[in-house]
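Quick one: the structure is below, and I'll ask about it shortly.
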Amino acid sequence: MLDFKKQQNQVIFEERIVMGAIPFKDVIEGKEIDTCNVFIVAPFDSSRGAIGFGTAKVPFGKSDNVHRFSGVQLPATLELAFQEITSGSGKSKKVLVDFRIPQSQPTPKKD
């Protein structure tokens, strides 16, 4: 049996470097816009001859989500939960739905 609810709630946590987050809430041309974008480190497309890393903008819900980063010293390595969504035209994209601070690894004891 197809379980669409399970598919809708499926997320994958990935450890990524987060550089920052920007909220935006305003009315433009009569349309209310309320977003939060998170900037994560991503490698450049080497198939085009590029080398190194840049930042990729990933949507993270509404502008008030930026407050979830309060107390996190950025840039930071965080565990980000992504969900793949699609538009009616069939194009898909990843959106950020949650994040968590990785558990600190215990310091090895010296003998």
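Everything quoted here is computed from the prediction, not taken from an experiment. Quick note: numbers below take in every heavy atom, side chains included, and nothing from hydrogens, waters or symmetry partners.
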Item to check | Check: D34 side chain, K25 main-chain N or O, donor-acceptor pair, under 3.5 Å | outcome: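 A pair under 3.5 Å: no.
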Item to check | Taking every non-hydrogen atom, the tightest pair across D98 and F60 | outcome: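 It is N-CE1, 3.8 Å.
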Item to check | Criterion side chain to side chain contact (heavy atoms under 4.5 Å, CB included) on E79 and I101, from CA distance to verdict | outcome: CA-CA 6 Å; E79 293 175 353; I101 299 170; over 6 Å; no
Item to check | Stepwise side chain to side chain contact (heavy atoms under 4.5 Å, CB included) test for F82 and R16 | outcome: CA-CA 11 Å; F82 294 99; R16 303 294 290 270; 4.3 Å; yes
Item to check | Closest heavy-atom pair and its distance - S63, P23 | outcome: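 S63 and P23 have their closest heavy atoms at O-CB, 3.6 Å.
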Next on the checklist: Any salt bridge linking E29 with K31? Criterion: basic side-chain nitrogen under 4.0 Å from a carboxylate oxygen.
Outcome noted: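 No salt bridge links E29 with K31.
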Checklist entry - Which of these, T86, V58, I85, sits in a side-chain contact (heavy atoms from CB on, under 4.5 Å) with K93? => result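 Going through T86, V58, I85 one by one, the side-chain contact (heavy atoms from CB on, under 4.5 Å) with K93 is satisfied by I85 alone.
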Checklist entry - Taking NZ, NE, NH1 and NH2 as the nitrogens, is one of them in E14 or K94 under 4.0 Å from a carboxylate oxygen of the other? => result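 Salt bridge present between E14 and K94.
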Next on the checklist: Taking the side chain as everything from C-beta on, heavy atoms only, tell me whether V18 gets closer than 4.5 Å to V38.
Outcome noted: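 Yes; the side chains approach each other to less than 4.5 Å.
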Checklist entry - Can you find a pair of side-chain heavy atoms, one from L78 and one from R100, that are under 4.5 Å apart? => result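 No, side chains not in contact.
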Item to check | I28 atom CD1, neighbour heavy-atom count above 12 within 6.0 Å | outcome: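 Yes, CD1 of I28 has more than 12 neighbouring heavy atoms, counting only those of other groups under 6.0 Å.
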Item to check | Heavy-atom pair with the smallest gap, counting every atom of I22 and V66 | outcome: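 Reported closest heavy-atom pair: N-CG2, 4.5 Å.
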Item to check | Minimum-distance pair of heavy atoms, taken over all atoms of V97 and R68 | outcome: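 Heavy atoms of V97 and R68 come nearest at O-NH1, 4.4 Å.
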Next on the checklist: Using 30° and 60° as the class boundaries, would you call the ring planes of F99 and F69 parallel, tilted or perpendicular?
Outcome noted: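 The rings of F99 and F69 lie parallel, inter-plane angle below 30°.
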Item to check | Separation of M19 CE from I40 CD1 (nearest 0.5 Å) | outcome: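 Reported to 0.5 Å precision, the distance equals 11.5 Å.
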Item to check | Which atom of P59 lies closest to which atom of N37, heavy atoms considered | outcome: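 Answer, listing the atom of P59 first, then N37: CA-OD1, 3.6 Å.
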Item to check | Straight-line distance of I17 CD1 to L80 CG, nearest 0.5 Å | outcome: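 That separation rounds to 10.5 Å.
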Checklist entry - Is the closest side-chain heavy-atom distance between C36 and K62 below 4.5 Å? => result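 Answer no - side chains too far apart.
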